[in-house]
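First comes the structure, then the notes that go with it.
Lettering of chains follows the sequences in order, A, B, ..., and the numbering in each one begins at 1.
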Amino acid sequence: MEVHGSEEALLDALVGAVRALDPDILVGYEVQQGSLGYLNDRATTLARPEPLLRQLSRTPTVSSMVERRNDEYGVLHASGIHVAGRIVLNLWRLLRSELKLRIYTFEACVAAVLQLRTPHIPAWVLSQWFQGGPGGGRWRCVQYIVRRARLSLAMMEQLDITGRTGEMARTFGIDFFSVLTRGSQYRVEAMMARLAHTQNYLLPAPSTEQTKNQPAMEAIPLVMEPESRLYVDPVVVLDFQSLYPSQIIAYNLCFSTCLGRPAHAAAAATPLRLGAQVFGLPKGSLSGAVAPDKLIVAPNGVAYAPPEARQGVLPRLLNEILATRIMVKAAMKRAPKTAKVLQRILNARQFSLKLIANVTYGYTAAGFSGRMPCAELADSIVQSGRETLENTIRMVEAHPEWRARVVYGDTDSLFVLLEGRSRNEAFRIGAEIAAAATAANPPPVTLKMEKVYHPCVLLTKKRYVGYMYETPKQAAPVFDAKGIETVRRDTCSAVAKMLERSLRILFSSKDVSQVKEYVERQWTKILSGRVSLADFVFAKEVRLGTYRAAHGLVPPAAQVASRAMATDPRAEPRYGERVPYVVVHGEPGARLVDMAVAPHALIESGGRLRLHAHYYIIKQIVPALERVFSLLGVDVRGWYAALPRPQRLLPQKRPAAALGLGGRGSAAGTIDAYYLSRHCAVCDGLTHAQRPICEECRGEPQGAAVVLSARAARLTEAQALLVRVCLQCGGGGGRRGTLEAGIVCDSLDCGVFFERKKATGEAAAARVLCDLALQDFE
DNA sequence: ATCTACACCTAC
DNA sequence: TCAGGTAGGTGTAGAT
């Protein structure tokens with residue numbers, strides 16, 4: 001740590017340090033408004049003689065600058081800050097594509113990547129600490145900031161961002177920065193152009209006008225309408241591996257082999273229109289090269305040269321990509337399962353190969369921005385894939401011994417219901433189907449048995465859920481959901497958790513009354529306010545500046561962000577940032593946007609704002625549950641209507657002294673002071689405010705055990721409870737004994753940080769690290 | 001009550 | 001100065 005007397009001197013020292021270390025890469029968690037961007041803004045304000053970014057660069061003559069681009073792509077992909085000669089990485093943006101999270105705050109990313117809880121301390125508190133002068137406060141502030149910088153690096157390290165980006169650069173044959181900032185077309189072209197050049201092909205460059213005027217695409221993939229219901233018999237899920245790439249290879253589909261519609265070729269008087277191009281082929285130029293009966297005619301009526309006559313560039317390219325992917329997958333099998341990091345890296349590598357294989361189709365169909373799309377070629381790929389799937393469905397249903405029915409299929413997958421059969425039989429028949437379909441198609445078209453659902457629910461197209469078995473030997477099923485609220489990030493986690501739990505109860509017990517019991521218990525908790533706010537936070541992506549002005553209405557998240565900006569312009573959300581909000585009670589007839597507020601606004605309102613429990617239940621939870629359980633003839637809405645309304649408890653006014661908020665160094669330093677609850681920590685019933693366990697439970701074994709262990713360890717009852725139950729969600733739900741690292745259980749992302757005193761090695765009192773955490777917590 | 005535009009996010 | 005594709009479900013709010 002260096003100490004400097006002025007901001008000027010500080011910036012000079014930064015420049016000196018960067019020049020001395022001469023790094024290739026500069027990383028900030030958020031480099032536009034914080035980090036480098038903030039420093040640059042300060043430097044500009046101070047009107048230094050030379051721009052800071054140029055001083056930090058390696059080549060002062062080349063421009064270094066802040067990129068101000070208002071188009072969607074630029075804002076989304078570029079780091080926004082350019083320092084010539086160095087790569088500037090905007091970590092949160094990288095993590096956004098790397099991880100699938102509900103929200104991408106620094107703390108949430110650290111938790112997801114490093115399995116670490118970190119406190120969030122707002123800037124104004126840090127500022128207060130720092131201005132407190134030498135001593136604890138200032139040191140705490142510096143320590144906090146240094147720790148965050150280290151954690152950013154630790155995340156880079158853990159995810160091997162530089163290593164993997166470098167690998168991809170080598171795979172695609174493009175430079176490091178382009179891997180992160182440029183699109184898929186660039187990757188496809190880098191690979192395709194190299195291969196094309198070895199065969200003396202050049203890539204056509206149609207104008208945007210020509211591209212726009214190419215014929216419209218006609219083929220669409222098959223998406224079956226599923227029979228919506230609960231399936232208690234096994235359902236085998238099979239899918240074609242890399243369907244589109246394998247169609248390209250199997251039928252030699254390529255720009256370089258496409259001959260258009262044979263009818264056109266015959267009538268050579270009219271020039272051949274193909275994709276964005278118009279060719280003037282001399283009459284008879286085809287007949288000498290390929291016998292008409294050897295032509296491959298795709299199901300959309302477009303002809304292709306057979307591989308013997310001319311092997312296509314795309315087929316060759318994809319062959320190599322798929323072969324490499326198989327090698328990587330083999331390497332994953334060889335590597336020890338315990339080498340988690342290696343496994344993840346290899347997995348990411350094979351996944352990126354799969355991705356580039358799939359976007360190769362996208363390249364041929366890129367209508368909006370494509371540099372050389374070809375509608376006929378794209379149609380051929382889709383239609384061949386569709387026929388392959390349709391033929392397979394027919395074959396499966398026609399087989400007399402399988403007695404199978406295809407109940408759903410999407411593009412490259414089929415769901416096969418095997419009525420009255422056991423799971424083991426399902427696996428056997430599934431393997432037979434896979435083998436038969438693979439044999440019935442030209443290589444490398446491969447049908448693979450993915451999994452067996454037992455049981456499952458098919459809701460609609462692209463929405464289903466089931467207990468999944470991947471091998472016949474697997475004892476415990478895995479909950480697997482597609483498209484429904486449990487996997488979507490535009491619902492709050494209360495919806496996701498309740499739906500998942502309800503489905504698990506249904507699948508395990510097949511007893512709807514147990515589901516009802518669970519759901520009613522949760523509703524009661526919600527209505528009486530005994531819930532964690534964290535489970536009721538929505539977080540949706542916000543793209544300010546793209547909303548239709550004519551519509552006159554912006555989404556709630558955007559509204560919340562705009563309100564925050566009114567008081568602090570630096571609170572402007574980055575393009576595509578997920579902005580959290582909660583729904584509170586409003587005026588009668590208020591629109592949703594008017595009832596959406598930032599979570600901290602609710603926390604800090606001191607009871608003025610109230611969580612809109614009714615909205616959450618009626619508009620979010622009930623519809624989600626209803627979609628599933630109405631299939632069983634259950635009236636979820638009726639459950640709620642019949643539910644006795646619990647009396648809502650007003651937020652407790654706690655004496656400031658007990659909360660330790662009377663001032664710094666207040667005597668009430670133990671954590672139990674913060675958890676005075678009206679509810680018994682064991683049974684959740686009402687209790688005396690000063691007693692964490694109600695009188696009845698003190699007589700029950702569990703409650704008595706707490707009392708006894710508390711006495712043995714010389715703790716208060718509340719302290720003893722810390723190690724048994726999560727204090728935030730009250731129950732502990734199977735997490736008992738796993739609370740070593742924190743007082744709050746892992747299932748909740750409350751962002752509160754507690755430091756445990758380890759001195760005595762026992763369940764000692766925890767001390768709140770910062771006063772602020774309390775507000776977040778409440 | 002039903003339809004539509006818009007926004008978001010997912011499956012493939 | 002660059003930007004793969006389509007299908008599809010659901011919530012919100014205003015219009016019919």
Hey, is the main chain of A:Leu238 close enough, under 3.5 Å, to the side chain of A:Ser413 for a donor-acceptor pair?
no

Indicate, with a heavy-atom threshold strictly under 4.0 Å, whether A:Lys354 touches base, sugar-phosphate, or nothing.
nothing

Could you walk me through whether A:Asp175 and A:Ser178 satisfy the side chain to side chain donor-acceptor pair (under 3.5 Å) test, starting with their C-alpha distance in whole Å, then the side-chain angles of each, then the deciding distance to 0.1 Å, before giving a yes or no?
CA-CA 5 Å; A:Asp175 66 286; A:Ser178 295; 2.5 Å; yes

Across the strands shown, which category fits A:Val487 at heavy-atom distances under 4.0 angstrom: base, sugar-phosphate, nothing?
sugar-phosphate

Is the distance from the ring center of A:Phe536 to that of A:Tyr616 below 6.0 Å?
yes

With respect to the side chain of A:Arg371, which nucleotide from C:dA3, C:dA7, B:dA11 is positioned closest?
C:dA3

Measure CZ/A:Arg102 against P/B:dT10 and give the value in whole Å, please.
9 Å

Main-chain N/O of A:Val406 paired with A:Glu397 side-chain donor or acceptor, under 3.5 Å:
yes

A:Phe415 CZ - B:dA11 C1' separation (whole Å)
10 Å

By the 4.0 Å heavy-atom rule, please label A:Arg578 as base, sugar-phosphate, or nothing.
sugar-phosphate

In terms of the angle between their ring planes, are A:Trp639 and A:Phe629 parallel, tilted or perpendicular, with boundaries placed at 30° and 60°?
tilted

Side-chain atoms of A:Tyr361 come closest, of B:dC9, C:dG4, B:dA11, to C:dG4

Nearest-Å distance for atom pair CZ/C1', residues A:Arg489 and B:dA11
14 Å

Could you tell me the separation between the CG atom of A:Leu222 and the C1' atom of B:dA11, rounded to a whole number of Å?
14 Å

Rounded to whole Å, please give me the gap between CZ in A:Arg591 and P in B:dC6.
17 Å

Quick one: label A:Ser184 by what it contacts on the DNA or RNA (base, sugar-phosphate, nothing), any heavy atom closer than 4.0 Å.
base

Give every pair of a protein N or O atom and an N or O atom of nucleotides 8-11 of chain C that lie under 3.5 Å apart, one pair per line with the distance.
unit_1: C:dG8; atom_1: OP1; unit_2: A:Lys461; atom_2: NZ; d: 2.7
unit_1: C:dG9; atom_1: N2; unit_2: A:Arg488; atom_2: NH2; d: 3.1
unit_1: C:dT10; atom_1: OP1; unit_2: A:Arg627; atom_2: NE; d: 3.4
unit_1: C:dG11; atom_1: OP1; unit_2: A:Arg627; atom_2: NH1; d: 3.2
unit_1: C:dG11; atom_1: OP1; unit_2: A:Arg627; atom_2: NH2; d: 3.3

Write down the atom of A:Val416, the atom of A:Ile433, and the distance for their closest heavy-atom approach.
CG1-CD1, 4.1 Å

When all nucleic acid strands are considered with a 4.0 Å heavy-atom cut-off, which category describes A:Val188: base, sugar-phosphate, or nothing?
nothing

Where the side chain of A:Arg578 meets the backbone of A:Ala539, is there a donor-acceptor pair that is under 3.5 Å apart?
yes

Measure from CE on A:Met224 to P on B:dC12 and round the result to the nearest Å.
14 Å

Charged tip of A:Arg182 within 45° of A:Tyr186 ring normal and under 6.0 Å
yes

When rounded to the nearest Å, what value does the distance between C1' atoms of C:dG4 and B:dC12 take?
14 Å

Nearest-angstrom distance from the residue atom OH of A:Tyr363 to C1' of C:dC2
14 Å

Base, sugar-phosphate, or nothing: which does A:Phe240 touch, judged by heavy atoms less than 4.0 Å apart?
nothing

ring-ring contact (aromatic ring centres under 6.0 Å, His included) between A:Phe255 and A:Tyr201: does it pass, once the steps are laid out?
CA-CA 10 Å; A:Phe255 300 96; A:Tyr201 291 120; over 10 Å; no

Please list every stem that involves DNA chain C, where a stem is a run of 3 or more consecutive Watson-Crick or G-U wobble pairs with both pairing distances under 3.5 Å.
B:1-12 with C:5-16

In this structure, how many angstroms lie between the P atom of B:dC12 and the CG atom of A:Leu389, rounded?
12 Å

Given DNA chain C, 5'-ward residue of the pair A:Ser369 and A:Pro221, judged by closest heavy atom
A:Ser369

Cation-pi between A:Arg229 and A:Tyr231: NZ/CZ under 6.0 Å from ring centre and within 45° of the ring axis?
yes

